[in-house]
Amino acid sequence: MAWNTLDDLDLSGKTVLTRVDINVPMEAGVVSDMTRIDKIRPTVEAIIAKGGKVVLLAHFDRPKGKVVPAMSLGHLVDALSASLGRKVVFAADCVGDVAATAIAGAGAGEVVLLENTRFKPGEETNDPALAAEMAALGDVYVNDAFSAAHRAHASTEALARLLPAAAGRLMEAELRALEAALGKPERPVVAVVGGAKVSTKIELLANLVTKVDHLVIGGGMANTFLVAEGIEVGKSLAEREMAETAREIHRKAQTAGCSIHLPVDVVVARDFKAGAESHVVGVRDCPMDAMILDAGPKTVASIEAVFAGAKTLIWNGPLGAFEIEPFDAATNAAAKAAARLTREGKLISVAGGGDTVAALNQAGAAEDFTFISTAGGAFLEWMEGKELPGVAALMG
Ligand code: 3PG
Ligand code: MG
């Protein structure tokens, strides 16, 4: 790979500006999912082990260039300290004297956390002057924030060009996993793409059909593909105006030798609520007053057969309305099948996206996947074949 890792840099006695993504969900002032915080630990430990001083740069939420006290990173100090098992020194600014003083005062093995970079108007405009102020605080730059790498911001892009730079351990793991899934994968490759709308994932579908051998389409977007084939879907969520786009994706897939898999049977209900009365019907038999809320058992069996014949799986988006029972059945079953094949060493499985990870966790399948990305938007953009500015900047 064309970027440096922590192994390539001498960090002894150096102050290491480390961009992390600790944009975690909070409920009533408490972190409700620690994943992103826990995942920076290998990078923090590696830097300290190599004799460097860790200074964390991060954003939280979207304060839009203003100081918004509710979005202060100060609220994360305790969670961070508990996860790292180290003292965390907080600086109420990400540049200038306040930051410099906190860095100078931090002792060996202590971690410095600088205030939300997005409190500065120059962060989201990728302002070189702000990046220069950040660069003045340290000797080396490490980017461990894959999940923010689709943003060309001062702390993710401009700063990388001002100091010797490297990818952190999590960034490295994310890039290697995605490269294994879509770069030079073991074939056949199957992609599962679900979710509500075709319109938000056109670029993704168009790119994937040129790269993968099988594309399984689920969720609301499958209905749009069914409509495109002249199949009636009753009151189901479907973007009828996208039918021609769906047909184009189908043609593109045919040319590229990618098989598209649509539901052959579906779970329908008249109400979209937990425990609603539901039926399995053939894909052509959705009643006019009902809606499709999940894929049916025959569809699940055929998806499992596709998985069994594949070597690599990349998954983004649930197959049905997984957040409401019993419409999580297809997603759960397919996720369990992928988990089992991975456990048996027959499949490399990679998944990403907020909903997807929630669905795989709910299915109890996430732990067995080869790799679960911490990224939402960045994972999607990478799958779309786009260059991520935060990664490109590390290439020098
Ligand atoms: C995320 O949570 O997706 C990342 O932290 C990026 O945040 P953003 O979508 O506000 O840029
Ligand atoms: Mg986002």
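Both ligands and their constituent atoms are indexed starting at 1 by order of listing. Numbers for residues simply follow the sequence, beginning at 1.
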Peer 1: For D21, counting its heavy atoms only, list the atoms of ligand 1 lying under 4.0 Å from any of them.
Peer 2: 4 (C), 5 (O)
Peer 1: What atoms of ligand 1 come within less than 4.0 Å of a heavy atom belonging to R151?
Peer 2: 8 (P), 9 (O), 11 (O)
Peer 1: Does the N or O separation between R62 and ligand 1 drop below 3.5 Å for any pair?
Peer 2: yes
Peer 1: Parallel, tilted or perpendicular, judged at 30° and 60°: which one describes the rings of F225 and H250?
Peer 2: perpendicular
Peer 1: Hey, what do you get for CG (L84) to CZ (R41), rounding to the nearest 0.5 Å?
Peer 2: 7.0 Å
Peer 1: Strictly below 4.0 Å, N to O, side chains only: are K50 and D7 in salt-bridge contact?
Peer 2: no
Peer 1: Is S147 in contact with ligand 1, taking contact as a heavy-atom separation below 4.0 Å?
Peer 2: yes
Peer 1: Suppose clustering is done on Ile, Leu, Val, Met, Phe, Trp and Tyr with side-chain heavy atoms closer than 4.5 Å. Which residues sit in the same group as V30?
Peer 2: none
Peer 1: Taking atom NZ of K211 as the centre, report whether more than 12 heavy atoms of other residues, nucleotides or ligands fall under 6.0 Å from it.
Peer 2: yes
Peer 1: Give yes or no for whether the N/O distance cutoff of 3.5 Å, strictly under, is met between N23 and ligand 1.
Peer 2: yes
Peer 1: Report yes if some N/O of R118 lies less than 3.5 Å from some N/O of ligand 1; otherwise report no.
Peer 2: yes
Peer 1: Can you run down the side-chain hydrogen bond (donor to acceptor under 3.5 Å, both in side chains) pairs that involve residues 263-275, sequence neighbours left out, and say none if there aren't any?
Peer 2: D265-T299, R270-D289
Peer 1: With respect to atom 1 (C) of ligand 1, which of R36, H150, H59 exhibits the smallest heavy-atom separation?
Peer 2: R36
